[in-house]
Amino acid sequence: MEKSLLNGWNTFYTRSVLTHVRMPGGFAVSLGFKNYSSGTVLTEALIGRFEEGAEQIIPGPRSYDGRYTQLTVRWNGTETVVESAEQDGELCLLVTPVKQETLPMALLIQGAVLWSGEGCVRRKGETLEAELPGYRAVLWTDGEPLPEKNAGFTGPYLSVSLSRPVAVGTGKRRSAAEVRALLDATRAEVEGELAEYGELSEAYNAMRTCLAWDTIYEPENGELCSPVSRLWSIGWGGYVLFCWDTYFSAMMAAVENRELACANAAAITREMTETGFVPNFGAANNFKSRDRSQPPVGTLAVREIYRKYRDKEFVRELFEPLLRWNRWFADHRMLDNGWLCWGSDPYEPRAGKYWELHDTNCTRGAALESGLDNSPMYDDVPFDPERHLMCLADVGLTGLYLADCEYLAELAGEIGREEVIPELESRAALCKEGMRELWDEETGMFCNRRTDTGEFSRRLSPTNFYALFSDRVTPEQARRMMDEHFYNPEEFWGAYILPTIARNDPAYPDQDYWRGRIWAPTNFLAYLAMRKQGLRTECADLARKSRELLLKEWREYGHVHENYNGTTGEGCDRGNSDKFYHWGGLLALIALMDAGCAAGPEQPLQKKEEKKS
């Protein structure tokens with residue numbers, strides 16, 4: 001399955017969305033531009049840069065498999081559309097100038113062998129010849145040659161005038177008009193796939209486009225995976241996979257792409273530490289957060305993929321590490337009464353990196369394990385350095401963990417591992433009993449509770465709704481949670497929902513990261529918990545508003561943000577909200593699940609024919 005993903009042409013190279021790579025082998029065709037008005041050269045382009053004067057990439061529709069891609073590059077007063085298609089194993093590119101300076105830019109075309117692979121590329125006249133083990137290619141262009149000697153590329157390249165649309169490709173030579181016809185036909189296929197989702201096609205396109213552009217080849221482990229964004233991977237030394245983020249990417253891919261869904265779930269599970277947990281992050285050079293994990297949503301993701309594709313071998317491959325992770329949470333984060341607390345364990349640094357030397361075995365490290373890094377819920381909460389736990393029983397973690405136990409028990413039954421079901425059911429039952437003690441009658445909500453004083457913490461977040469994963473929540477309790485909190489405009493209801501701290505919390509005006517902004521993953525998990533309780537009206541409202549939030553900046557800028565302003569719905573108002581962060585697509589997945597276009601945890605899978613009808 002993984003080999004099938006790494007076959008043919010796609011945008012596998014992390015550092016530039018203008019590079020198309022053929023796998024296996026790693027032969028790359030990289031595009032660049034020289035702007036004669038500014039005298040500057042662009043050889044690596046990325047989506048979502050914030051720096052002044054940086055290129056702005058507007059992503060268009062594309063497929064996961066790279067058979068069609070389209071994007072617009074706005075840079076130094078110019079605008080250029082770049083499209084690609086693959087036909088019969090060959091690459092076809094069309095570069096179309098839309099807006100130019102006085103003197104048209106030079107289009108730069110480089111061939112290279114990536115990732116220290118075997119092979120070579122040489123220039124021969126106005127072509128580039130590539131020779132790799134088992135593969136040879138001639139890279140051609142129909143552009144007018146330019147004698148551009150200051151291109152910024154360090155290997156063999158071609159330079160042509162961008163005074164008109166320019167075709168570039170391998171294999172059979174084609175004119176720009178012929179490539180245009182091929183692109184139009186392939187794009188029509190891709191847009192036809194989107195049309196299957198009806199009124200949700202725009203939201204689905206946003207989710208798929210972002211996830212597809214964020215999917216890369218990771219050469220250290222030789223795998224295809226979907227880091228949260230290319231910018232994050234470059235900043236972390238080559239690649240970084242965050243725990244719950246990557247499991248969510250697997251769930252988004254599962255709507256149509258079984259192989260990518262399985263690859264992402266496997267990639268993050270393989271990052272498991274020596275002590276038995278999936279870390280907060282796994283990055284290049286075996287750098288991991290060996291002190292902390294993140295929300296246990298791995299089994300949820302694997303279960304969802306299995307429910308759609310019924311692949312027991314996939315479940316068998318990941319079951320044992322998921323079971324080991326579940327047991328680790330029980331041993332390291334669970335109290336005797338069934339409450340769970342976030343934590344951070346001390347460990348010996350291996351490389352002297354920042355996150356090995358700072359914020360371990362303390363409240364800050366435990367907050368990072370929650371995934372809600374600077375949430376006000378954890379302000380001023382003491383830490384027990386002996387038990388390595390925050391002194392706060394967490395409703396969100398307790399709800400997610402009991403769901404993990406139940407879903408893992410279900411999968412155990414599917415693959416013949418019945419012997420572990422009793423222990424999983426026992427832990428789930430203990431957590432449900434513990435959750436009962438987190439109900440605050442005065443507040444009408446399940447609330448976090450200090451383990452040192454027994455006092456309730458009434459700083460409310462969408463994570464408080466995760467209590468609804470427990471089937472022992474009474475209908476009366478669920479009704480109060482919805483009426484007094486979900487629909488309360490002073491807390492969570494509003495033009496845009498759900499803010500990550502209640503609107504009446506003193507920290508809400510901060511609108512900084514988890515201090516009041518809206519995040520797709522907390523909307524998504526709250527939706528799943530509400531869905532499990534059968535709260536159909538509330539789920540529909542959350543799905544509708546989640547979709548509207550996603551489309552606000554997608555329609556205007558082509559952005560899928562890491563987080564959004566809780567009041568205005570903007571993403572670009574903060575420089576620490578990545579503009580092309582794949583889990584923003586969960587806002588679309590909520591709507592897709594609610595409409596029956598994707599299999600949800602409590603809904604039978606619909607066949608495509610039934611969905612279309």
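Side chains included, hydrogens not; waters and symmetry mates left out as well; all remaining heavy atoms used. Predicted, not measured: the structure shown is a model, and the values here were computed from it.
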Checklist line | Pair D245, Y581: side-chain N/O donor-acceptor within cut-off below 3.5 Å | finding: yes
Next item on the list: Please assess Y527 against R531 for the test side-chain hydrogen bond (donor to acceptor under 3.5 Å, both in side chains), listing each intermediate value before the final yes or no.
Entry: CA-CA 6 Å; Y527 170 83; R531 184 187 181 100; 2.4 Å; yes
Margin query: I'd like to know if E144 pairs up with R164 as an ion pair, taking the criterion as any Lys NZ or Arg NE/NH1/NH2 lying under 4.0 Å from an Asp or Glu carboxylate oxygen.
Written below: no
Notebook entry, point to check: Do E562 and W232 touch side chain to side chain, with heavy atoms closer than 4.5 Å?
Noted result: yes
Checklist line | Minimum heavy-atom distance L139-L158, with the two atoms named | finding: O-CD1, 4.2 Å
Next item on the list: For the pair T209 (side chain) and A206 (backbone), establish whether a donor and an acceptor sit closer than 3.5 Å, ignoring hydrogens and angles.
Entry: no
Checklist line | Closest heavy-atom pair and its distance - L498, N523 | finding: N-OD1, 3.0 Å
Next item on the list: Working to the nearest 0.5 Å, report the span between NE2 of H582 and CE of M207.
Entry: 11.5 Å
Notebook entry, point to check: Is the backbone of G48 close enough, under 3.5 Å, to the side chain of R230 for a donor and an acceptor to pair up by distance?
Noted result: no
Next item on the list: Go through T170 and R22 one step at a time and tell me if the side-chain hydrogen bond (donor to acceptor under 3.5 Å, both in side chains) criterion holds.
Entry: CA-CA 11 Å; T170 63; R22 182 190 181 276; over 6 Å; no
Next item on the list: Describe, in one word, how the ring planes of W514 and W519 are oriented to each other, choosing from parallel (under 30°), tilted (30 to 60°) and perpendicular (over 60°).
Entry: parallel
Next item on the list: For the pair E148 and Y36, evaluate side-chain hydrogen bond (donor to acceptor under 3.5 Å, both in side chains) and give the outcome as yes or no after the intermediate values.
Entry: CA-CA 11 Å; E148 180 53 64; Y36 290 108; 2.6 Å; yes
Note to self: Rounded at 0.5 Å granularity, tell me how far CG in N76 sits from CE in M105.
What the structure shows: 9.0 Å
Margin query: Has W75 got a side-chain atom pairing as donor or acceptor with V41's backbone, closer than 3.5 angstrom?
Written below: no
Note to self: Keeping R515 on the side-chain end and N374 on the backbone end, is there a donor-acceptor pair under 3.5 Å?
What the structure shows: yes
Check: Stepwise, does the side-chain hydrogen bond (donor to acceptor under 3.5 Å, both in side chains) test hold for Y157 with S30?
Finding: CA-CA 9 Å; Y157 66 92; S30 296; over 6 Å; no
Check: Where do K579 and C572 come nearest, in terms of heavy atoms and distance?
Finding: CE-SG, 4.5 Å
Check: Would N257 and D65 count as having a side-chain donor-acceptor pair, cut-off 3.5 Å?
Finding: no
Notebook entry, point to check: For Y247 and T269, does a side-chain donor sit closer than 3.5 Å to a side-chain acceptor?
Noted result: yes
Check: Could you go step by step and tell me if D573 and H561 meet the side-chain contact (heavy atoms from CB on, under 4.5 Å) rule?
Finding: CA-CA 11 Å; D573 62 316; H561 269 275; over 6 Å; no
Next item on the list: With the side chain counted from C-beta on, respond yes when W9 and V29 share a heavy-atom pair under 4.5 Å apart, and no when they do not.
Entry: yes
Check: So does F153 have more than 12 non-hydrogen atoms from other groups sitting under 6.0 Å from CZ?
Finding: yes
Next item on the list: State, yes or no, whether a side-chain contact exists between K552 and E548 at a heavy-atom distance under 4.5 Å.
Entry: no
Margin query: Has S249 got a side-chain atom pairing as donor or acceptor with T246's backbone, closer than 3.5 angstrom?
Written below: yes
Item checked: Worked verdict on V73 versus L42 for side-chain contact (heavy atoms from CB on, under 4.5 Å) -> CA-CA 10 Å; V73 184; L42 177 66; 4.1 Å; yes
Next item on the list: Answer yes or no: is there an ion pair linking R187 with D184, defined by an N-O contact shorter than 4.0 Å?
Entry: no
Next item on the list: Can you measure from CZ (F524) to CZ (F248) and round to the nearest 0.5 angstrom?
Entry: 6.5 Å
Notebook entry, point to check: Backbone N or O of I590 within a donor-acceptor pair of the S546 side chain at under 3.5 Å?
Noted result: no
Next item on the list: Compare all side-chain heavy atoms of L231 with those of F580 and state whether any distance is below 4.5 angstrom.
Entry: no
Check: Should H20 and T11 be marked as a side-chain contact (heavy atoms from CB on, under 4.5 Å) after you check the CA-CA gap, both sets of side-chain angles, and the distance that decides it?
Finding: CA-CA 5 Å; H20 294 258; T11 53; 3.8 Å; yes
Margin query: In the structure I gave you, are the side-chain heavy atoms of M251 and L586 within less than 4.5 Å of one another anywhere?
Written below: no
Next item on the list: Start with the C-alpha gap between L128 and R123, add the side-chain angles, then the distance that decides, and say whether side-chain contact (heavy atoms from CB on, under 4.5 Å) holds.
Entry: CA-CA 4 Å; L128 298 176; R123 177 165 178 163; 3.8 Å; yes
Check: When rounded to the nearest 0.5 angstrom, what distance separates OG in S16 from CD in Q110?
Finding: 10.5 Å
Notebook entry, point to check: Where do G566 and Q511 come nearest, in terms of heavy atoms and distance?
Noted result: N-OE1, 2.8 Å
Item checked: Residue pair F12 / M23, side-chain heavy-atom distance below 4.5 Å -> yes
Check: Which value, rounded to the nearest 0.5 Å, describes the distance between E218 atom CD and Y239 atom OH?
Finding: 4.5 Å
Item checked: Electrostatic pair R74-E79, nearest N-O below 4.0 angstrom -> yes
Next item on the list: Check for a donor-acceptor pair, side chain of Q100 on one end and backbone N or O of L162 on the other, with a separation under 3.5 Å.
Entry: yes
Note to self: Looking only at the aromatic ring of each residue, does the gap between the centers of Y564 and Y496 stay below 6.0 angstrom?
What the structure shows: no
Checklist line | Nearest heavy-atom neighbours spanning V81 and E83 | finding: CG1-CG, 4.0 Å
Check: Mind checking whether P165 and V95 have side chains closer than 4.5 Å, heavy atoms only?
Finding: no
Margin query: Within the supplied structure, the quantity of interest is the number of heavy atoms (other residues, nucleotides, ligands) at a distance under 6.0 Å from E199 CD; does it exceed 12?
Written below: no
Margin query: If the threshold is 4.0 Å, N to carboxylate O, is there a salt bridge linking R208 and E196?
Written below: no
Next item on the list: Verify, without hydrogens or angle tests, whether R503 (side chain) and W493 (backbone) share a donor-acceptor contact under 3.5 angstrom.
Entry: yes
Item checked: Check: N205 main-chain N/O paired with Y197 side-chain donor or acceptor under 3.5 Å -> no
Notebook entry, point to check: Do R547 and L592 have side-chain heavy atoms sitting under 4.5 Å apart?
Noted result: no
Notebook entry, point to check: Atom CG of L93 and atom OG1 of T141: how far apart are they, to the nearest 0.5 Å?
Noted result: 9.5 Å
Check: Are R173 and D142 ion-paired here, with the side-chain N under 4.0 Å from a carboxylate O?
Finding: no
Next item on the list: For residues S159 and L108, report the shortest heavy-atom separation together with the two atoms involved.
Entry: CB-CD2, 3.8 Å
Next item on the list: May I ask you to check whether F242 and W244 place their ring centers less than 6.0 Å from one another?
Entry: no
